[in-house]
Protein chains: 2
Amino acid sequence: MGVSLKDVAQRAGVSVKTVSNVVNNYQHVTPGMRARVQQAIDELGYRPNLTARHLRKGRTGIIALAVPEFGNPYFAELAGAVIDAAARHDYTVLVDHTAGLRENELLVSQGFRAHVIDGLILSPIHLETEDLTGRTGAGPLVLLGEREYEAPYDHIAIDNVAAAREAVGHLVALGRRRIAFLGSRTGRERQPAHLRLRGWRQELEAAGLPADDSLVVVTDGYGRADGAHAMAELLDRGAAPDAVFAYNDLIAIGAMRTLAERGLSVPGDVAVVGFDDIEEARYGTVSLTTVSPDKEAIARLAVDSLVAQLKDGAPPSAPRRPRPGHHLAVRESAPAARPGGDR
Amino acid sequence: MGVSLKDVAQRAGVSVKTVSNVVNNYQHVTPGMRARVQQAIDELGYRPNLTARHLRKGRTGIIALAVPEFGNPYFAELAGAVIDAAARHDYTVLVDHTAGLRENELLVSQGFRAHVIDGLILSPIHLETEDLTGRTGAGPLVLLGEREYEAPYDHIAIDNVAAAREAVGHLVALGRRRIAFLGSRTGRERQPAHLRLRGWRQELEAAGLPADDSLVVVTDGYGRADGAHAMAELLDRGAAPDAVFAYNDLIAIGAMRTLAERGLSVPGDVAVVGFDDIEEARYGTVSLTTVSPDKEAIARLAVDSLVAQLKDGAPPSAPRRPRPGHHLAVRESAPAARPGGDR
DNA sequence: CTGAAAGCGCTAACAG
DNA sequence: CTGTTAGCGCTTTCAG
């Protein structure tokens with residue numbers, strides 16, 4: 001099938017080592033020799049077999065990024081950033097999705113592609129701490145996202161509680177009093193609560209505003225449809241919110257769709273704030289105010305962590321939890337507060 | 001570092017062949033033997049080295065999908081469909097992006113990852129026929145998308161001209177007379193025109209409506225911002241359109257944003273039709289009427305083609321051009337025509 | 001049904 | 001500066 005080093009060596013009348021030297025751009029090859037070998041390479045159309053090289057070197061130069069789903073533009077945008085960051089270290093990224101299933105998260109975290117990938121960046125949804133503690137010899141791992149783990153792995157995430165508080169604080173400053181939270185997870189979760197929900201609660205309590213369950217809507221997933229249903233449920237429940245803080249932008253967008261259908265105006269009747277700052281958020285008929293995590297920083301920190309582990313050949317002595325930046329992108333769905341309030 | 005087959009064999013007191021048989025679930029292994037080997041595997045935490053297996057078998061079970069960018073949800077959604085289709089054939093997908101650069105498209109098409117991937121599904125933007133004719137021994141390739149090539153490769157694409165005609169025909173049936181096209185490419189293109197632009201022109205001419213350049217806006221890219229700028233340019237130009245057919249949904253969404261800012265109503269003043277049916281199109285304040293390509297079919301046909309080539313060990317004798325289905329998803333931005341017209 | 005040994009294509013000692 | 005050779009870990013004839 002393929003043309004091998006040996007074929008080239010034979011053709012050029014040299015040893016495989018010399019060809020290897022040329023292919024890898026090593027020093028100490030006379031120009032004449034190099035030219036002769038290069039010619040043989042061109043004539044035969046030789047292409048190095050990376051698989052063999054990988055086997056020999058014990059590494060592949062490929063890292064994997066596993067996200068819940070591409071359907072959420074946040075992860076699509078993040079994937080782009082990770083690919084760029086990895087390219088700067090000469091790594092290729094294999095992008096994978098777990099469909100948000102714990103089973104798949106477990107599989108991928110335990111080295112499903114052992115020896116094909118050098119390391120893994122995983123954004124889990126359902127994975128638990130105990131799923132991670134049993135992990136052995138499956139290569140370097142970096143975690144992403146809102147979940148917290150008591151496991152010895154680097155974890156990259158913005159300060160979700162603080163970001164949520166800023167978002168809710170912004171709504172409070174607008175004079176809103178009944179601020180709902182859309183997108184809590186269903187009860188099976190062992191986690192006490194989402195960090196974003198916690199931030200919502202803290203900020204409301206600090207402001208002396210109601211933060212009870214009647215203002216929280218649980219959703220099945222994290223998509224637009226979930227947001228639309230959640231908003232409908234909130235209204236049907238008679239909660240009469242004057243603002244909504246959504247777990248993410250997709251839920252916020254779904255909620256705005258329902259508000260429009262019910263004849264409620266944004267931000268007039270209900271102000272809306274999302275989370276993620278996906279590009280879509282800027283282009284709705286009413287642009288979305290949202291928490292904007294620094295995706296480039298997240299990607300860079302994740303890749304840097306992985307690359308460092310790969311170089312050291314060992315996990316970090318102490319797990320690191322860097323905090324990439326974020327800011328509130330203020331747009332039309334919850335505009336800047338004017339002196340004297342918004343209404 | 002790792003535990004190898006040999007280590008397991010030693011531990012279990014058998015030969016490597018036997019361990020290999022167990023690992024690969026071969027027949028003809030006595031249950032007792034199998035149990036003993038399995039125990040050794042578990043004790044040592046053995047995980048097969050896929051790289052070595054790949055080298056030996058000459059294939060990796062990985063296929064690559066290269067799309068212009070993840071930022072466009074169409075490709076993100078398509079990627080998900082390809083991953084699912086590939087999984088049904090026990091293939092893993094390495095998702096890559098070309099950033100829409102011809103240089104990258106060329107690189108990837110010529111076997112950048114030779115021997116790491118078994119085959120490639122490529123969605124090109126800038127690649128030319130001559131870039132493909134020089135391609136040798138870089139593994140099976142399947143092309144996706146609107147561009148047409150005179151090269152011996154399978155190409156999967158819906159009937160873009162017919163789909164565009166349906167979209168424009170729908171606008172005509174609504175009684176619209178000045179129907180613009182947003183998203184033509186800049187002049188460098190050697191292609192005479194986009195298929196979608198051609199469909200727009202054909203349908204308008206058939207209806208006896210104007211189809212001149214004053215109704216066509218060229219864009220730099222295919223994003224929301226490009227659509228917003230294009231719409232602004234069209235209006236500033238004094239074209240006074242009563243409908244817009246956009247190259248894709250992102251451009252349509254950007255255009256609707258501009259229309260809203262200018263105080264024009266959709267579909268009252270201007271009806272809008274997009275192309276791709278990304279989920280986002282269903283959730284705007286005004287949902288988008290759009291051409292909906294059957295993404296599952298596209299993905300399935302592409303993967304099937306690749307898998308067939310992989311099995312035969314040869315490219316198809318004659319290149320195939322299957323036509324996955326499509327339909328017009330009629331929503332609020334260009335609703336169904338009512339008897340007697342829409343206005 | 002199981003064992004021994006060859007070799008996939010490449011790189012890295014080690015010689016020359 | 002270049003050639004020889006031994007594996008990386010696995011699968012696979014070919015014997016037993």
Side-chain angles (χ1 to χ4, degrees), chain A residues 1-38 40-41 44-62 111 113-118 137-139 313, chain B residues 1-38 40-41 44-62 111 113-118 137-139 313:
Chain A
M1 347 190 289
V3 182
S4 82
L5 262 193
K6 212 193 308 187
D7 300 327
V8 177
Q10 206 155 25
R11 174 89 171 213
V14 298
S15 81
V16 287
K17 170 62 176 159
T18 304
V19 181
S20 175
N21 284 341
V22 171
V23 171
N24 291 287
N25 254 314
Y26 280 171
Q27 335 286 348
H28 314 309
V29 185
T30 48
M33 185 98 279
R34 182 179 296 275
R36 195 159 101 228
V37 171
Q38 189 58 53
I41 288 176
L44 268 47
Y46 167 75
R47 309 188 70 69
N49 183 327
L50 297 186
T51 301
R53 186 179 292 174
H54 296 163
L55 173 58
R56 181 64 234 225
K57 303 183 75 140
R59 53 178 293 280
T60 63
I62 300 177
R113 282 186 233 306
H115 297 281
V116 171
I117 61 166
D118 291 340
Chain B
M1 349 191 291
V3 182
S4 80
L5 263 192
K6 212 197 302 190
D7 300 325
V8 177
Q10 206 156 25
R11 175 87 168 213
V14 298
S15 81
V16 289
K17 169 62 177 158
T18 305
V19 181
S20 175
N21 284 341
V22 171
V23 171
N24 292 286
N25 255 313
Y26 281 171
Q27 336 284 349
H28 314 310
V29 186
T30 48
M33 185 99 280
R34 181 179 297 276
R36 195 159 100 228
V37 170
Q38 189 58 52
I41 288 176
L44 266 46
Y46 167 76
R47 309 188 70 70
N49 182 327
L50 297 185
T51 301
R53 185 178 292 174
H54 296 163
L55 174 57
R56 181 64 235 223
K57 303 183 77 141
R59 53 179 291 281
T60 63
I62 300 176
R113 284 186 231 306
H115 298 282
V116 171
I117 61 166
D118 291 340

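If you're wondering where the values come from, they're calculated on a predicted model, not measured in any experiment. Chain naming here is simple, since letters A, B, ... match the order of the sequence lines and numbering starts at 1 in each.
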When the distance from [atom1] of [X] to [atom2] of [N] is rounded to whole Å, what number comes out?
| X | N | atom1 | atom2 | value |
| --- | --- | --- | --- | --- |
| B/Asp7 | D/dC8 | CG | P | 10 Å |
| A/Asn49 | D/dC8 | CG | P | 18 Å |
| B/His54 | C/dG7 | NE2 | C1' | 18 Å |
| B/Gln10 | D/dC10 | CD | P | 14 Å |
| B/Lys6 | D/dT12 | NZ | C1' | 17 Å |
| B/Asn25 | D/dC10 | CG | P | 16 Å |
| B/Ile41 | D/dG9 | CD1 | P | 16 Å |
| B/Arg36 | C/dG3 | CZ | C1' | 13 Å |

When you get a sec, tell me which of [options] is the closest nucleotide to the side chain of [X]?
| X | options | result |
| --- | --- | --- |
| B/Asn21 | C/dT2, D/dT2, C/dG9 | C/dT2 |
| A/Thr30 | C/dG3, C/dC1, D/dT2 | D/dT2 |
| B/Leu5 | D/dT11, C/dA4, C/dG9 | D/dT11 |
| A/Ser20 | D/dC10, C/dT11, C/dT2 | C/dT11 |
| B/Leu55 | D/dT4, C/dT2, C/dC8 | C/dC8 |
| B/Lys57 | D/dG9, D/dT2, D/dT12 | D/dT12 |

Kindly give the heavy-atom pair with the smallest separation between [X] and [Y], and that separation in Å.
| X | Y | result |
| --- | --- | --- |
| B/His54 | B/Thr60 | NE2-O, 3.2 Å |
| A/Ile62 | A/Val116 | CB-O, 3.9 Å |
| A/Ala12 | A/Val37 | CB-CA, 4.3 Å |

Considering just the side-chain nitrogens and oxygens of [X], establish if one lies under 4.0 Å of OP1 or OP2 belonging to [N].
| X | N | result |
| --- | --- | --- |
| A/Ser15 | D/dG3 | yes |
| A/Tyr26 | C/dA12 | yes |
| A/Thr18 | D/dG3 | yes |

- Message: Nearest heavy atom decides the nucleotide; on that basis, is B/Arg56 or B/Lys17 closer to the 5' end of DNA chain C?
- Response: B/Lys17
- Pairwise distance CD1(B/Ile117) to OG1(A/Thr51) - rounded to 0.5 angstrom: 10.5 Å
- Taking atom CG of A/Leu44 and atom CD of A/Gln10, what is their separation to the nearest 0.5 Å? 10.0 Å
- Heavy-atom side-chain proximity of A/Arg34 to A/Asn25 below 4.5 angstrom: yes
- Query: Can you find a heavy atom in the side chain of B/Arg56 that is under 4.5 Å from one in the side chain of B/Arg53?
  - Reply: no
- Query: How large an angle, rounded to 10°, do the end axes of the helix from C/dC1-D/dG16 to C/dG16-D/dC1 enclose when each is built from five base pairs?
  - Reply: 40°
- Mind checking B/Arg53 for me? I need base, sugar-phosphate or nothing, with any heavy atom below 4.0 Å counting as a touch. sugar-phosphate
- Determine the contact category for A/Val14: base if any of its heavy atoms lies under 4.0 Å from a base atom, sugar-phosphate if only primed atoms, P, OP1 or OP2 are that close, otherwise nothing. sugar-phosphate
- Please identify each residue that fulfils side-chain hydrogen bond (donor to acceptor under 3.5 Å, both in side chains) with B/Lys17, with sequence neighbours left out. B/Asn21
